[in-house]
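Down below is the structure, laid out as structure tokens.
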Amino acid sequence: MSISTKYNPKEVEQKWYDSWMQRGFFRSTPNPNKEPYTVVIPPPNVTGVLHMGHMLNNTIQDILIRRARMQGKEACWVPGTDHASIATEAKVVAMLKERGIEKKDISREEFLKYAWEWKEKYGGIILDQLKKLGASCDWDRTRFTMEEDLSAAVIEVFVDLYRKGQIYRGVRMVNWDPLGGTALSDEEVIPKDTMAKMYHLKYELVGDDAEGGFLTVATSRPETIMADVAVAVNPNDERYKHLHGKQVRIPLLGKVIPIIVDEYVSIEFGTGALKVTPAHDLNDYELGQKHNLPIIDILNDNGTLNELAQLYVGQDRFAARRNIVKDLQEAGYLVKIDEYPSIVQTSERTGAVIEPRLSMQWFCKMDKMALPALEAVMNDDIRLYPPKFKNMYRSWMDNIRDWCISRQLWWGQRIPAYYLPDGSFVVATTDAEALEIARKKTENPDLQLTDLRQDEDVLDTWFSSWLWPISVFDGFKDPDNKDILYYYPTNDLVTAPEILFFWVARMIMAGFEFRNEMPFRNVYLTGIVRDAQGRKMSKSLGNSPDPLDLIEQYGADGVRAGMLFSSPAGNDLLFDEKLVEQGRNFSNKIWNAFRLIKGWEVDENLPCPNETAIQWFDARFNEAFIQLEDHFEKFRISDALLAVYKLVWDDFCSNYLEMIKPAYQQPIDARTIEATVGFLENVLKVLHPFMPFITEEIWHELKTRKDKEFLIVAAWPKKDKLDKAITEQMEAVLNIVGAIRNIRNSKNIPQTKQLDLSIKIVSDNKYDAFLSIITKLANVKEISFVQDSLDGAISFVEAGDEFFIPMEGNIDVAAERERLTKELEYTKGFLISVAKKLSNERFVSGAPEAVITNERKKQADAEAKIKAIEQSLATL
RNA sequence: GGGAUGUUAGCUCAGCUGGUUCAGAGCACCUGCCUUACAAGCAGGGGGUCACUGGUUCGAAUCCAGUACGUCCCA
């Protein structure tokens, strides 16, 4: 038999993935005899390629799904992608540009044709990459947020909410990208530190008694003075008290505007006098609302000045700034220019400086919908892991603002609002319905579809994805279909904390709004994958490894394990390739354990010498399994993996296999091999969710299996009663083995040299069943039981008993004495601290019974140990 | 500025409602081994005043207050 000493993942991973697919193990259909377990994937952007964050996130989902499947639940993991309005549109625009086509030169329909073309070509890449990772999604259920049914759901929801009065049109200050020609969300805006210039401008005071006086105003945007509607000062500012209620004249323009008073104005900043430009600054807008000021918008969509500016019309905002500064200076209105550090907002996509701009947008009211969504999380109907996110969630939901759902883009669901010639509008799911409503509304039966103009904007991508857990099961199209009734509410959602509000909270709202039920029960929030120095992984830094390269190099199992070795829930993961290497090494360890077992010849006639070892590992597995299940219940996936890791490496390989291993080239007995194969199978089962490929491979190599007898659908182990007696005894035995090995190492005794061991038992002999184990693991020739301490031997104490290793005279008495004395002193110190506690009246009366008994036991153990060490010292 | 949260070994983190020899794990490190399952390995070992200060308590890594530093969210 020749199996490679190195496990080779490349050869096996594709094979098993194909087998699983062929046999339909990932597929799920409603089965009333089984408990459903459902996960919907956080749909990755169609523009995306697999990055480390996806790897982590999807590994965790796959672990949960695979475990549930083995537990006999009807496991359903729904995959899909998100149309990602702005990101995709930007990609398509860039692609067109390369072909020499400008977006503005083509029609909406043409553009969408290109966009779909792009989506068909690249949109599936990321899902294919997930297959390499081993993701056991039900691929037959793959959905896309912009496919027909899901789009219909979005429109239906919009119309429904509009009719309920939950959607309205309104003016809002948005982040306007003059180059891209669209509003951006706050997330698509990048703040950049810069040095800004502060221009101090003289505004002439108006009125008989103020002739010749000036008020100096500081601004970083002198080109917006034409949009000024007031100058504001702080009411407590002594410098300006005499100006309250007066007026000033805008330089160059000559227009007269009032001086208003508001505590919002900072006395220290600039000159303490603030020009108010409601159309071009969010704070000014709010100030304007408060003081009933008019709004003058002097900018066009593309960042040039319009007619309302009166001056510099047609010039770009930055050109206008240069020119007006020159003119102001020449006219004597410019007092001085200061520099100060500031933050300028730029567009993530185009790099253009963002223009705060008022525009008409569609909004979705949040106040009512937020209530049940907040309640469900606060009372733990929906649990967040880790729970620290509850606070954040609450503060956001408490201060929730209406949701701006319109985007000035083409790629997405077009807003189903239709404007009538008179400027009013109707909302309807179809053109025909819109026309019908419009005819009724206008009482004009001759109104034609061509008289209606549909809103040009599309809906925010989140307005599709908030419906995801419902729409993937066609819960809008057919609210009582078998799938939605069976799979909804889903069980667990695995996602990133960054989108807790944008996505998770809104899914919860949608769940209650449209199905009267939460969309999922648990939300597991993963951290951000960072590099070893803690920096966020990014393309520009080039610090992100290519996940597919990693899989190629270390195997999907190795990468999965590596990702999880250091990823507690909600904490950022400092990714280090060394972790993946550790994962690969772990694969190899399991592989070699399998090779060992597979290589043994069985002799049916041999008696079984390993009953104790078998009994122990059985108990130990159960103990570890109980711990594992506990970790899973608390979503401590990283700890769960570590528990399995230690079970496999330490307990199964280092201890159990060494205990039962026959001498070189000797056969093994039937009872032992049978038990051992069973143990390995159990180990493979609990390991499978983490490392699906290698475990499936060994599962099949180990035995000939029936057609559908695959590990992926094997029964998850069951908890048994804890057998503490055997695990505790073995722990003591392994301590003895460790002590002997320690002596061997510290005395430079070769591994191959056999030692003798004498045991002086204080109470009853509990070692009989373990003698062969000690002999084997510590390479002991003979074990004898003695009444008296041994001369010329190194000794140690375990569980109150004394152990002696004869040293054939070459024993360093002084060193031995020192070691024993040290240990004696430590134990005496320990005894004193225990005795102190026990002699403390208040401790004995105050502490619980169990604690006191324990202290008594500690006292007795310490006393026994001291006695033993003292005897050893005496015989030395 | 408001709020949340954290600070435990060289690194990443466990340590539940105070009480086992409680100061832990993995990795890294050091020493010795190519012992026929595995050097992607085996055996052993050394590392920490639990951020700081004070308080509550018979007893504090754990509870409370303050300080310092860090991170996140909101403005």
Side-chain angles (χ1 to χ4, degrees), chain A residues 1 3-7 186 282-283 386 388-396 398-399 401 497-498 500-501 527-528 530 532-534 554-555 558 562 565-568 570-576 578-579 581-600 630-631 634 636 638-639 641-643 645-646 649-650 653-654 657-658 661 664-665 737-753 777-779 826-827 829-831 833-834 836-848 850-855 857-858 861-862 865:
Chain A
M1 125 149 273
I3 312 173
S4 164
T5 62
K6 303 268 189 289
Y7 169 66
D186 292 345
L282 178 60
N283 296 313
K388 67 175 177 185
F389 287 106
K390 263 172 91 170
N391 284 327
M392 243 165 80
Y393 182 86
R394 179 176 51 202
S395 79
W396 192 74
D398 279 345
N399 302 301
R401 289 195 285 176
E498 298 131 79
L500 182 59
F501 311 138
I528 297 167
R530 298 173 180 277
Q533 283 111 59
Y554 297 99
F565 275 131
S566 177
S567 61
N571 276 14
D572 288 355
L573 178 157
L574 300 194
F575 181 81
D576 194 328
K578 265 194 266 181
L579 293 171
E581 202 180 314
Q582 195 189 341
R584 180 203 53 182
N585 294 354
F586 185 40
S587 302
N588 207 46
K589 185 71 188 175
I590 303 152
W591 182 249
N592 277 291
F594 155 69
R595 282 181 60 226
L596 176 67
I597 294 168
K598 183 77 180 170
W600 283 330
D630 185 52
H631 286 318
K634 294 173 179 149
R636 304 168 75 142
S638 188
D639 289 335
L641 172 61
L642 198 59
Y645 181 84
K646 284 196 266 191
W649 204 303
D650 300 344
C653 294
S654 297
L657 289 179
E658 292 300 331
K661 189 156 102 179
Y664 182 53
Q665 289 190 333
V737 170
I740 299 169
R741 286 168 169 174
N742 184 0
I743 290 166
R744 194 188 282 282
N745 259 307
S746 57
K747 302 289 173 222
N748 273 326
I749 302 167
Q751 313 274 354
T752 44
K753 183 172 163 51
L777 296 195
N779 197 15
Y826 172 83
T827 314
F830 175 72
L831 177 63
S833 80
V834 175
K836 221 185 210 165
K837 257 191 229 177
L838 283 169
S839 61
N840 185 327
E841 176 73 26
R842 282 194 283 188
F843 171 73
V844 179
S845 57
V851 175
I852 295 171
T853 344
N854 222 316
E855 291 299 317
K857 184 172 177 294
K858 275 154 70 177
D861 287 352
K865 189 165 181 180

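Note that this is a predicted model, so its numbers are computed, not measured. Numbered from 1 within each chain, the chains take letters A, B, ... in sequence-line order.
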Work out how far the P atom of rU8(B) is from that of rG48(B), and round it to whole angstrom.
15 Å
Would you say the side chain of Gln582(A) and the base of rA28(B) hold a donor-acceptor pair, judged only by whether the two atoms sit under 3.5 Å apart?
no
Distance, rounded to the nearest Å, where Asp639(A) contributes CG and rC13(B) contributes P:
12 Å
Could you state the OH-C1' distance from Tyr7(A) to rA40(B), rounded to the nearest angstrom?
14 Å
Output the rounded distance in Å from CG (Asn592(A)) to P (rA40(B)).
11 Å
Ranking rA43(B), rA39(B), rA37(B) by distance to the side chain of Lys6(A), first place goes to rA39(B)
Please give me the minimum heavy-atom distance between Leu579(A) and Leu574(A), naming the atom from each residue.
CD1-O, 4.0 Å
Just the rounded figure in Å: distance from P of rA4(B) to CE of Met392(A).
13 Å
In the structure I gave you, are the side-chain heavy atoms of Asn779(A) and Arg744(A) within less than 4.5 Å of one another anywhere?
yes
Gap separating the CD atom of Glu581(A) from the CG atom of Asp576(A), nearest 0.5 angstrom
9.5 Å
To the closest 0.5 Å, what do you measure between CH2 (Trp591(A)) and NZ (Lys6(A))?
13.0 Å
Distance between P atoms of rC30(B) and rC72(B) (Å, rounded)
35 Å
Set out, line by line, the N/O atom pairs under 3.5 Å between protein and nucleotides 33-36 of chain B.
{"unit_1": "rU36(B)", "atom_1": "O2", "unit_2": "Tyr664(A)", "atom_2": "OH", "d": "2.7"}
{"unit_1": "rU36(B)", "atom_1": "N3", "unit_2": "Tyr664(A)", "atom_2": "OH", "d": "2.7"}

Whole-Å gap separating C1' (rG6(B)) and NZ (Lys388(A)):
8 Å
Would you mind reporting whether Ile528(A) and Glu498(A) have side-chain heavy atoms less than 4.5 Å apart?
yes
Separation of the P atoms in rG45(B) and rG26(B), to the nearest angstrom:
13 Å
Just N and O in the side chain of Trp649(A): are any of them under 4.0 Å from OP1 or OP2 of rA25(B)?
no
Note, Lys661(A) side chain near Trp600(A) side chain (heavy atom, < 4.5 Å)
yes
Under 4.0 angstrom, heavy atoms only, what part of the nucleic acid is Glu658(A) near: base, sugar-phosphate, or nothing?
base
First locate atom NZ of Lys753(A), then atom CG of Asn748(A), and finally report the distance between them rounded to the nearest 0.5 Å.
13.5 Å
Donor-acceptor pair under 3.5 Å, Arg584(A) side chain vs rA40(B) base
yes
Please measure how far the C1' atom in rG19(B) lies from the corresponding atom in rG32(B), and state the result in whole Å.
41 Å
Below 4.0 angstrom from OP1 or OP2 of rG41(B), is there any side-chain N or O of Asn588(A)?
no
Can you tell me how far C1' in rG47(B) sits from the matching atom in rC58(B), rounded to whole Å?
33 Å
Whole-Å P distance, rG10(B) and rG66(B)
30 Å
Calculate, to the nearest 0.5 Å, the distance between atoms CD1 and OG belonging to Ile743(A) and Ser746(A) respectively.
6.5 Å
Atom CG of Leu574(A) to atom C1' of rU12(B): distance rounded to whole Å?
7 Å
Pairwise P distance for rA65(B) and rA4(B), with rounding to whole Å
11 Å
Base, sugar-phosphate, or nothing for Thr827(A), non-hydrogen atoms under 4.0 angstrom?
nothing
Looking for any heavy atom pair under 4.0 Å, which part of the strands does Arg744(A) touch: base, sugar-phosphate only, or nothing?
nothing
In whole Å, measure the gap between the C1' atoms of rC16(B) and rU62(B) for me.
10 Å
For residues Ser638(A) and Phe565(A), report the shortest heavy-atom separation together with the two atoms involved.
OG-O, 3.5 Å
Sugar-phosphate, base or nothing in reach of Lys634(A), heavy atoms under 4.0 Å:
nothing
So, is Ser654(A) near the phosphate of rA43(B), with a side-chain N or O under 4.0 Å from OP1 or OP2?
yes
Interatomic distance, Ser587(A) atom OG to Asn592(A) atom CG [nearest 0.5 angstrom]
11.0 Å
Looking only at atom types and distance, does a side-chain atom of Arg741(A) sit under 3.5 Å from a main-chain N or O of Leu777(A), one as donor and one as acceptor?
yes
Closest-nucleotide mapping onto RNA chain B: is Lys578(A) or Phe586(A) further toward the 5' terminus? I mean the 5' end.
Lys578(A)
Under-4.0 Å side-chain N/O to phosphate OP1/OP2 contact, Arg595(A) with rA40(B):
no
Let me spell it out: for each of Phe501(A) and Ala593(A), pick the nucleotide of RNA chain B with the closest heavy atom. Which residue's pick is nearer the 5' end?
Ala593(A)
Decide, for rG47(B), between syn and anti: a glycosidic angle within 90° of 0 counts as syn, anything else as anti.
syn
Among rG44(B), rG26(B), rA39(B), the one nearest Tyr645(A) by side-chain distance:
rG26(B)
What pairs with Phe586(A) under ring pair (Phe, Tyr, Trp, His ring centres under 6.0 Å), at least two apart in sequence or on another chain?
Tyr645(A)
Record whether the side chain of Lys589(A) comes under 3.5 Å of the base of rC38(B) through a donor-acceptor pair of N or O atoms.
yes
Asn585(A) side chain N/O closer than 4.0 Å to the phosphate oxygens (OP1, OP2) of rG41(B)?
yes
Expressed in angstrom and rounded to an integer, what is the separation of Asn391(A) atom CG from rC74(B) atom P?
15 Å
To the nearest Å, give me how far apart CG (Asn745(A)) and P (rC42(B)) are.
14 Å
Stems in RNA chain B, runs of 3 or more consecutive Watson-Crick or G-U wobble pairs with both distances under 3.5 Å, sorted by first number, are B:1-7 with B:68-74, B:10-13 with B:24-27, B:29-33 with B:41-45, B:51-55 with B:63-67
